[in-house]
Each structure stands twice: as structure tokens, then as C-alpha cells.
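Step one of this worksheet: look at the structure below.
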Amino acid sequence: MSWQPPYHSSKFRHVFPKPASRENCYTGLPITSSVHDNAFCAVNPRFIAVVTECAGGGAFLVISIYHKGRVDPQHSRVCGHQGAVLDVRWDPFSDLRIASCSEDCTVKVWTIPPQGLRENLARPVKDLRGHTRRVGLIEWHPVAKDILLSSAYDCKVLIWRLDVAGCVCRRPVRVIGVHSDLVLCLSFNTDGSRLATTCRDRTIRIIHTHTGQVLQRSSVGPHRPCKVVFASDLQLLVTTGASYWNQRQIAVWDTEDLRTPLLQEDLDGESGVLFPFYDPDTHMMFLAGKGDGNTRIFDLSSDSPYLHYLAEYRSPLPQRSMAVMPKRGLDVSVCEVFRFYRLVGVKDRLEPLSLIIPRRSEGFQEDLYPPTAANEAALTAAQWLEGHTRGPLLMSLRPGTEIQNPYPAPDAVSRPDPSRESFPPLTRFQPMEAHFPDPPANRKAAYLYDVSDLSEWQEDDTHPLNMTQAMQPHSLTWSGTQPALTH
């Protein structure tokens, strides 16, 4: 037996949770009273979506990430479902596209306007109708674009392709029917080639997403798994559930052998479901219970004892569920490594909770922010359906860097001729977003200046040269690389 040190050294051992102040929370949210064990909220660097209580159908709110404070009770909503909304998920490759599932047996995909909702949105861009019972879970593919997965009370997992013509789609591209009971949770591995599921029949399955074949299956034991998360970089699975004596448990499994868990530990005797969250960049594991006010933080490793306690956040206000901000939306200037959004039902509040590593240096911390998954897809839907498998495209959170693409296009891209380029004129009828890209999400966001009204503008001696003088042949030369364009 190899010697193990009596302590676990980790660069994240000094992590501390920092909840947002009251004025930086989102209040006045009519949060749904559904008893399902789902998130009921989703967040990206641009918008927040919260499932709300609604009579005569299902609806959810979409508000700007900067819309802090009290939300107007008459705020516009997405209200196209005929039954209660059970889950919402933002597209990882588009901050303007969101999917929702409902008790009306449908999955709908919506496109949010760049400026947010100004009126109720009732017409989806895609209406997926393949389930025969209410749909409780949806999940986007982590690598392939336009691939969406859904699971319903008919015990089937359907895989949809969204880049097809037509609004209504009734035929999924794949049907996974290996479950004998209700699917409780879904989790992809890093490249999306494996899918881990927990089922009400007390078993865990690892499924090949291209063929639908069950690669690994656990036996029925004292641990009743409910939620699962894939830690594919460590070749581990982490599940939360309960024991025979209704003690909440956490278990760690080897992805190549699900016969017995590597670690099985009782946590407490509470009755709420434990939601596990895993950060593959830092190998930190978070456990947040439904109806609890605390959040436990662990360091996950591939060696025994696998879980190492780091810290715990405790609040007197219990949370209904939690959403996670993508890494590209974090504030790297304060060494923020993770951010939750706690849905507090008793106060109708959404509370941001930042996890910060204290550092004295004010520069970018390379060891805290390794290259992370980018918001660009590595595969198209057609490539994924043909059987291709690729890892995610990576990006650095250092301001000013670009996405690292290990799969360059085979055809060389021709260099543009700046003398022939033309830019559309800026008119008062076109928003700024139509001409300028969004600022990087890992920088502090700032509102663009409003230049829609130029009635009082006067020309002075600082006005640039006119186009005739600027485009003279002697004023434009190539230096080997294209000159950078500045706004």
C-alpha cells in the first residue's frame, strides 16, 4: 500500500464564497411552485431565465444579466407552452437561443431578441413533438451544434436535430429506449460520446450516444442514485442519492466498472435532493441541497480518498435550485473561479454567489484559469450524426485572446482586400449590435454609447479625411499582415 500524506494540498483550499449584496440580487420573481427536482433557472453571460408561476399554461422570464433589483411584475415572458414549464437550458453556442420542456409533452426552442423581450414571446422557432408524456429533462450537446436531447415520463431519451427545415419536428434522429423506468438525470462527458443516466430502477447507465448501446450498468445496491455528473477528465462518475435508511449519500464510481462504487459516504439526514456540480477546469465538486441553505465544496481527485473537503457556504435562506454561470462570464479581475445563482423561493429572489480565490497579485492568474470550453461548436450536426467525435474548442479567459481551434479548416482563407471592403452605414433605425460584436464576456461589461440621435453633431477640425483623400493609392500599403481595425 502506497503512503498517503495526512493532508491534501490544493491551490483552492482558501476558496471563500461571497454572496451578492441585496441591491445586486434579482427580486420580485414569481418563482414556480412545481415540486419537480429540476433547476427552474438558467443563466449565460447575457441573460437569465427563470420559470415562473403561471395560470393557464407555462411561462418563464428572460431578463438581462444587468437588470438587478426588483423585476417588474408585468415583465414580458416566454409563454408558448400549454402546460407548466419543467426545465429550461441555454444553448452553449448561442446566448440568444434557449430550449424549454413542459407538461404538454413538447420541447420548444426560442430565439431571444438581442435587446431582450419587449413583448410576450409565444411563437418558437422549433416545436419538437415526439414524446407521449410530459417532458422533464433537456440537455444540449456539449460539442455538436444544433443537437438537443430530451427525456420524458415515457422512459425514452430522444435526440433532436435542429438545423432542419420547418418549425414543427415530429421525428427525432435517435431514440434511446434502454430504460425501464423514469430517467432522473442526464450528464454528457466532455466530447459528448458518452451519456450517463440515473433511473428510478436504482441503476446507473453509461450509454454510447451514437449507437444507443449500454456500455456500463450498475447493479442494484444500497445506494439509490438520483443525480449524476460526469468527471470524464478523471474517468469518474459522481452520484448523489439516498441509502436504505434515507441518509443522503454521495458516491464516486469508475467509468470502466460500475459494479461497486469507489467511495460511498453518508452526508446527513435531510430529505431534499442533492444537486452535484463539477468544474473540470479546477476539479472542484459542489453539493447543493434542495431546501438547504448550505453549499459544500470539495476537491475531486483520481486517487483515494477521491473527495477532499475545502469549504462550506451556509445561509439561513433555503434554495429551490441553482444555476451556474459559464466560465466565460466570470470576473477574472477578482479571481472569481465559479458563480452560482441561488433561486430562493421564500423571498422570490435570485441571489448570485461567487467563489473567489484570494490573491495579492492584480494580474491574470494562469493557474486559476486554464483553457476552458468556448462558445463555438467543434462539430456540426451532420458531422456528429456521421459518427465523428471531437473534443470541445478551447478559449483562454485572458482578455484579448482568441479561441484555440485544434481543427482548422482544410481550405486556406483568402486575405481580404481593405480597399474593396465596405461597411453598412450606421442609421438611427439599426442597433449598435448589428454593426459591432458583443464585448468579451470575461471583461467587465459596459453599455455602448447611444449615437442614435446625431441632430446636434457639428463637424470640426478633428473630423477625419474624406473618402476620396483616404483612398488615394499612395495612402494604403501592405505590411505583410492586415492592419487591425479599431472601433
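No experiment lies behind these values; they were computed from the predicted model shown. The figures here come from the full heavy-atom set of this structure, side chains too, leaving out hydrogens, waters and symmetry mates.
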Is a side-chain donor or acceptor of N189 paired with a backbone partner of S193 at a separation under 3.5 angstrom?
yes

Side chains of L234 and L300: closer than 4.5 Å at any heavy-atom pair?
yes

Are more than 12 heavy atoms from other residues, nucleotides or ligands located less than 6.0 Å from atom NZ of K145?
no

Counting only N and O atoms by type, is there a donor-acceptor contact under 3.5 Å from the side chain of N120 to the main-chain atoms of R77?
yes

Salt-bridge contact D37-K290 (side-chain N to carboxylate O under 4.0 Å):
yes

Just so I know, are the side chains of V78 and V62 near enough to count as touching, which here means a heavy-atom distance under 4.5 Å?
yes

Heavy-atom pair of closest approach, residues P92 and R328:
O-NH2, 3.8 Å

Run the numbers on H179 and T197 for side chain to side chain donor-acceptor pair (under 3.5 Å), then give the verdict.
CA-CA 9 Å; H179 300 89; T197 66; 2.9 Å; yes

Working note: R224 + N246, criterion side chain to side chain donor-acceptor pair (under 3.5 Å); need CA distance, chi angles, decisive distance, verdict.
CA-CA 9 Å; R224 294 178 294 176; N246 289 329; 2.8 Å; yes

What about the rings of F338 and F286, do their centers lie closer together than 6.0 Å?
yes

Residues K327 and D281 bridged, charged N to O under 4.0 Å:
yes

Between L195 and I206, is there a side-chain heavy-atom distance shorter than 4.5 Å?
no

Determine, step by step, whether Y313 and F340 satisfy the side-chain contact (heavy atoms from CB on, under 4.5 Å) criterion, reporting the C-alpha distance in whole Å, the side-chain angles of both residues, the deciding distance to 0.1 Å, and the verdict.
CA-CA 12 Å; Y313 169 73; F340 287 108; over 6 Å; no

Test the R217-W253 pair against the cation-pi criterion, namely NZ or CZ under 6.0 angstrom from the six-membered ring centroid and within 45° of the ring axis.
no

Can you name the nearest heavy-atom pair linking R174 to T209, along with the distance?
NH1-O, 3.5 Å

Quick check for you: to the nearest 0.5 Å, what is the distance between C25 atom SG and D348 atom CG?
13.0 Å

NZ (K156) with more than 12 external heavy atoms under 6.0 Å:
no

State, to 0.1 Å, how close P19 and L353 come at their nearest heavy-atom pair, and which atoms those are.
N-CD1, 3.6 Å

So, the side chain of K227 versus the backbone of L186: is there a donor-acceptor pair under 3.5 Å, distance only?
no

Hey, does S34 have a side-chain heavy atom less than 4.5 Å from the side chain of L86?
yes

Step by step, work out the salt bridge (Lys or Arg N to Asp or Glu O under 4.0 Å) result for D299 and K11.
CA-CA 10 Å; D299 190 7; K11 69 180 74 174; over 6 Å; no

Output the distance between atom SG (C101) and atom NE2 (H131), rounded to the nearest 0.5 Å.
8.5 Å

Can you name the residues that form a side-chain contact (heavy atoms from CB on, under 4.5 Å) with V220, not counting sequence neighbours?
R202, T203

Taking S232 for the side chain and Q235 for the main chain, is one N or O donor matched with an acceptor at less than 3.5 Å?
no

Roughly how far, to the nearest 0.5 Å, is CD1 of I207 from CD of Q213?
10.5 Å

Under the 3.5 angstrom rule, does the side chain of D87 hit a backbone N or O of L137 as a donor-acceptor pair?
no

Does the side chain of T106 come within less than 4.5 Å of D127's, by heavy atoms?
yes

Could you go through H210 and E386, starting from their C-alpha distance and side-chain angles, then the distance that decides it, and tell me whether this counts as side-chain contact (heavy atoms from CB on, under 4.5 Å)?
CA-CA 9 Å; H210 291 288; E386 292 174 357; over 6 Å; no

Chi angles and distances behind the side chain to side chain donor-acceptor pair (under 3.5 Å) call for T389, D191:
CA-CA 7 Å; T389 301; D191 59 10; 5.6 Å; no

Verify side-chain contact (heavy atoms from CB on, under 4.5 Å) between Q319 and T295, making sure each step is shown before the conclusion.
CA-CA 10 Å; Q319 64 243 0; T295 301; 4.3 Å; yes

Determine whether R259 and D254 satisfy the following criterion, salt bridge (Lys or Arg N to Asp or Glu O under 4.0 Å), listing intermediate values before the conclusion.
CA-CA 9 Å; R259 289 176 296 181; D254 184 359; over 6 Å; no

Given 3.5 Å as the limit, does a donor-acceptor pair link the side chain of D292 with the main chain of G272, or not?
no

Backbone N/O of G83 and side chain of S102: donor-acceptor pair under 3.5 Å
yes

Residue pair Y153, D181: steps toward the side chain to side chain donor-acceptor pair (under 3.5 Å) verdict
CA-CA 8 Å; Y153 279 65; D181 208 330; over 6 Å; no

Tell me whether the rings of H67 and H75 are parallel (<30°), tilted (30 to 60°) or perpendicular (>60°).
tilted

So, D233 and H283: side-chain donor and acceptor under 3.5 Å apart, yes or no?
yes

Decide, yes or no, whether a salt bridge links R296 with D268 under the criterion of side-chain N to carboxylate O below 4.0 Å.
yes

Side-chain donor or acceptor of D95 paired with backbone N/O of R46 under 3.5 Å
no

Does a sphere of radius 6.0 Å around CD in E119 hold more than 12 heavy atoms from other residues, nucleotides or ligands, not counting ones at 6.0 Å or beyond?
no

Closest approach of V178 and G212, non-hydrogen atoms and distance?
CG1-O, 3.7 Å

If I compare all heavy atoms of V107 with all of V135, which pair ends up nearest, and what's the gap?
CG2-CG1, 3.8 Å

Considering residues at least two apart in sequence or located in another chain, which fulfil the side chain to side chain donor-acceptor pair (under 3.5 Å) criterion with W140?
none

Given 3.5 Å as the limit, does a donor-acceptor pair link the side chain of S218 with the main chain of I204, or not?
yes

Quick one: do I147 and L162 satisfy side-chain contact (heavy atoms from CB on, under 4.5 Å)? Show the steps, please.
CA-CA 6 Å; I147 296 294; L162 304 182; over 6 Å; no

Can you find a side-chain donor-acceptor pair between S100 and H81 that sits under 3.5 Å?
yes

Residue pair K108 / L128, side-chain heavy-atom distance below 4.5 Å:
no

Can you name the salt bridge (charged side-chain N to carboxylate O under 4.0 Å, His left out) partners of E312, sequence neighbours left out?
R314

Indicate yes or no: at least one non-hydrogen side-chain atom of T32 is less than 4.5 angstrom from one of T52.
no

Supply the atom-to-atom distance I357 CD1 to Y369 OH, rounded to the nearest 0.5 angstrom.
8.5 Å

Please examine the side chains of V71 and T27, heavy atoms only from C-beta on, and report whether any two atoms are closer than 4.5 Å.
no

If you compare all heavy atoms of T198 against all heavy atoms of C226, which two are closest, and at what distance to 0.1 Å?
OG1-O, 2.7 Å

Can you confirm if the aromatic rings of F298 and H308 lie within a centre distance of less than 6.0 Å?
no

Side-chain (Q249) to main-chain (D266) donor-acceptor, under 3.5 angstrom:
no

For the atom pair CZ (F40) and CG (L343), what is the distance rounded to the nearest 0.5 Å?
9.0 Å

Can you tell me how the ring of W110 sits relative to the ring of F60, calling it parallel under 30°, perpendicular over 60° and tilted otherwise?
perpendicular

